Amino acid sequence: MSSTGHPSSQYTPITSLLKSLRNTQTPTSADDIAEAFSLIFEDRLSPAQAATFLTLLSLTSRDKDADVLAACADRMRKAAFHVDLPALKSIVETRGVTEGTYHGGLCDIVGTGGSSLQTYNISTTASLIASSLLLMSKHGNRAQTSVSGAADILSSILPTPPSLTASNAQNIPQIYEKSSYAFLFAPNFHPGMRYAGPLRKEMGIRTIFNLLGPLAHPIEELVEARLIGVTEGALGPVFAEALRISGLKKAKGMRKAMVVSGREGLDEISCAGMTDCWKVNEPLECSEQAEVEIEHFQLEPTDFGFPTHPLSAIRGGDAPKDNADILMRLLEGKLEHEDPIMQVVLMNTAAMLVVSGICEGGDQPHG
């Protein structure tokens, strides 16, 4: 054994891969990178090896390749706690409302974070509102680069905040028997992250882990539709392609997605101006050979019937409890319709409903 407690016999494969990553003439395959990545979740790399590996991925920009992101997200999901998928699928099929092209499956709205704009928790609030029509499965964590992440705002709700440990891989089916909403707190589902957490904190730089959260939903197989926000416009087509790759392995009706990026570096549909969108359109037939179209277009507030507002108008509070107060006022109908936070939340909720396909259910408006 080495002084780090890791078997020295396991150093050789990663050492070889680290050398190959530096050789740009012969690119390392996405599968080989994902195989090495999975070793982090098994605590089979020393901190130095893991840090070198993550740094090389960033320096070579391989962590922004669609095939690498798709492969690493797949390994991250496989390392997650097991969920009784047949039981959950049965409950989802029973409780989900089929309307339009929405088949009643789970939906998620999430962003990569990292904008440092300190905006209000738009995605989390939109996910709660959308749960009135869709089965929402919000995958989230505590803040990494902002004041308030999804887990932070939810655990700050008064007078009795929800318990972040209440939902786990064992009881998710039971939760959906009684609710159309579940918050999947990432640490409850991804045990291997306990090895990555201290490493990320010590490194202090953005790595592939900052991108994988939205792509590593622990019950991916039953996620029908998702809205994902990225802070960098250049990542939009990359994420769309990664979703296309992952979606090819899923059943028809479970491959809907849209990636959005506000031009100001916002991982949401922006209230301040133009938002770039990449919509993954599901093919008519279900097979790995089916053609999946990625449609690129732009949206702006006027498309939703709203005026533009500066990002400063949707800035969150100085602490999670401030954002939780805004959340409760919004849900209780105490926030004015003209409030910029209300409008940006409604814009993102509307996008989630459109992506799900439920808006194609007829001419009658939803209540």
Side-chain angles (χ1 to χ4, degrees), residues 58 61 63-66 69 108-127 129-130 140 143-150 205-206 208 210-215 225-244 256-281 293-317 323 326 338-356 359:
S58 178
S61 295
D63 59 351
K64 295 180 180 178
D65 285 353
L69 286 172
D108 189 16
I109 174 170
V110 63
T112 58
S115 68
S116 300
L117 295 172
Q118 306 301 341
T119 53
Y120 171 73
N121 298 86
I122 299 167
S123 293
T124 304
T125 307
S127 71
I129 297 175
Q144 298 292 326
T145 58
S146 63
V147 170
S148 178
I205 61 172
R206 292 180 66 79
I208 192 171
N210 294 88
L211 303 177
L212 284 177
L215 299 172
R226 71 187 75 199
L227 180 66
I228 294 180
V230 296
T231 57
E232 302 174 45
L235 285 174
V238 174
F239 265 63
E241 176 62 15
L243 290 166
R244 187 194 71 82
K256 306 164 187 171
M258 187 163 78
V259 182
V260 299
S261 182
R263 293 275 176 93
E264 307 81 19
L266 187 67
D267 59 338
E268 323 272 3
I269 293 178
S270 176
C271 65
M274 200 74 72
T275 297
D276 283 297
C277 308
W278 294 264
K279 190 169 182 288
V280 182
N281 294 317
E293 176 190 356
I294 297 176
E295 178 187 4
H296 180 214
F297 56 93
Q298 290 79 36
L299 290 173
E300 52 187 327
T302 54
D303 294 319
F304 298 85
F306 293 133
T308 59
H309 300 283
L311 292 187
S312 58
I314 59 169
R315 192 181 188 282
N323 286 5
I326 296 172
E338 293 76 17
D339 191 297
I341 288 180
M342 170 68 83
Q343 293 183 356
V344 75
V345 165
L346 291 178
M347 287 163 55
N348 283 270
T349 305
M352 180 74 259
L353 296 177
V354 169
V355 172
S356 74
C359 292

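Being a predicted model, the structure only gives us computed values, none of them experimental. This chain uses plain numbering: 1 for the first residue, then up along the sequence. Side chains are part of it too, since the values below use all heavy atoms of this structure and drop only hydrogens, waters and symmetry mates.
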*Set of salt bridge (charged side-chain N to carboxylate O under 4.0 Å, His left out) partners for Glu232, sequence neighbours left out*: Lys64
*Closest non-hydrogen atom pair between Leu117 and Gly265, with its separation*: CD1-O, 3.8 Å
*side-chain contact (heavy atoms from CB on, under 4.5 Å) involving Val110 - partner list, sequence neighbours excluded*: Asp108, Lys138, Pro214, Ile228
Let me have the donor-acceptor pairs involving side chains of residues 301-317, under 3.5 Å, with sequence neighbours excluded, atom names and distances please.
{"from": "Asp303", "atom 1": "OD2", "to": "Glu300", "atom 2": "N", "distance (Å)": "2.8"}
{"from": "His309", "atom 1": "NE2", "to": "Gln343", "atom 2": "OE1", "distance (Å)": "2.9"}

*With Ala225 via side-chain contact (heavy atoms from CB on, under 4.5 Å) - residues at least two apart*: Cys107, Lys256, Met352, Val355, Ser356
*asked:* Checking Thr275 now: which residues fulfil side chain to side chain donor-acceptor pair (under 3.5 Å) with it, not counting sequence neighbours?
replied: none
*side chain to side chain contact (heavy atoms under 4.5 Å, CB included) between Ile208 and Leu69, worked out*: CA-CA 8 Å; Ile208 192 171; Leu69 286 172; 3.9 Å; yes
*Could I get the full list of side chain to side chain donor-acceptor pair (under 3.5 Å) partners for Asn348, not counting sequence neighbours?*
none
*Partners passing side chain to side chain donor-acceptor pair (under 3.5 Å) against Asp276 (at least two apart in sequence or in another chain)*: Arg263, His296, Gln298
*At their closest point, which heavy atom of Ser148 faces which heavy atom of Ala143, and how far apart are they?*
C-CB, 3.9 Å
*Not counting sequence neighbours, list each pair that qualifies as a salt bridge (charged side-chain N to carboxylate O under 4.0 Å, His left out) and has a residue in residues 341-353.*
none
_Could you measure the distance from the CD1 atom of Ile109 to the OG1 atom of Thr349? Nearest 0.5 Å is fine._
6.0 Å
_Can you tell me how far apart CE (Met347) and OG (Ser270) are? Round to the nearest 0.5 Å._
6.5 Å
*Say you draw a straight line from NZ of Lys279 to CZ of Phe297; how long is it, rounded to the nearest 0.5 Å?*
7.0 Å
*Taking Ser261 for its side chain and Val230 for its backbone only, find out whether a donor-acceptor pair lies under 3.5 Å.*
yes
*Quick one: which residue pairs count as a salt bridge (charged side-chain N to carboxylate O under 4.0 Å, His left out) with a foot in residues 338-349, not counting sequence neighbours?*
none
*Quick check: does any side chain N or O of Thr124 sit under 3.5 Å from a backbone N or O of Asn121, one acting as donor and the other as acceptor?*
no
*Over all heavy atoms of both residues, which pair between Trp278 and Gly233 is shortest? Give the atoms and the distance, please.*
CH2-O, 3.4 Å
*Minimum-distance pair of heavy atoms, taken over all atoms of Ser58 and Asp63*: CA-OD2, 3.4 Å
*What residues form a side chain to side chain donor-acceptor pair (under 3.5 Å) with Ser123, not counting sequence neighbours?*
Glu268
_Using the side-chain contact (heavy atoms from CB on, under 4.5 Å) criterion, which residues pair with Asp267? Sequence neighbours excluded._
Thr112, Thr231
*Any luck finding a side-chain donor-acceptor pair between Thr125 and Tyr120 under 3.5 Å?*
yes
*Which residues share a salt bridge (charged side-chain N to carboxylate O under 4.0 Å, His left out) with Glu264, sequence neighbours left out*: none
*Just do the side chain to side chain contact (heavy atoms under 4.5 Å, CB included) check on Ile341 and Ile326 with the steps written out, would you?*
CA-CA 9 Å; Ile341 288 180; Ile326 296 172; 4.1 Å; yes
*Which atom names give the shortest non-hydrogen contact between Val280 and Ala240, and what distance separates them?*
CG2-O, 3.8 Å
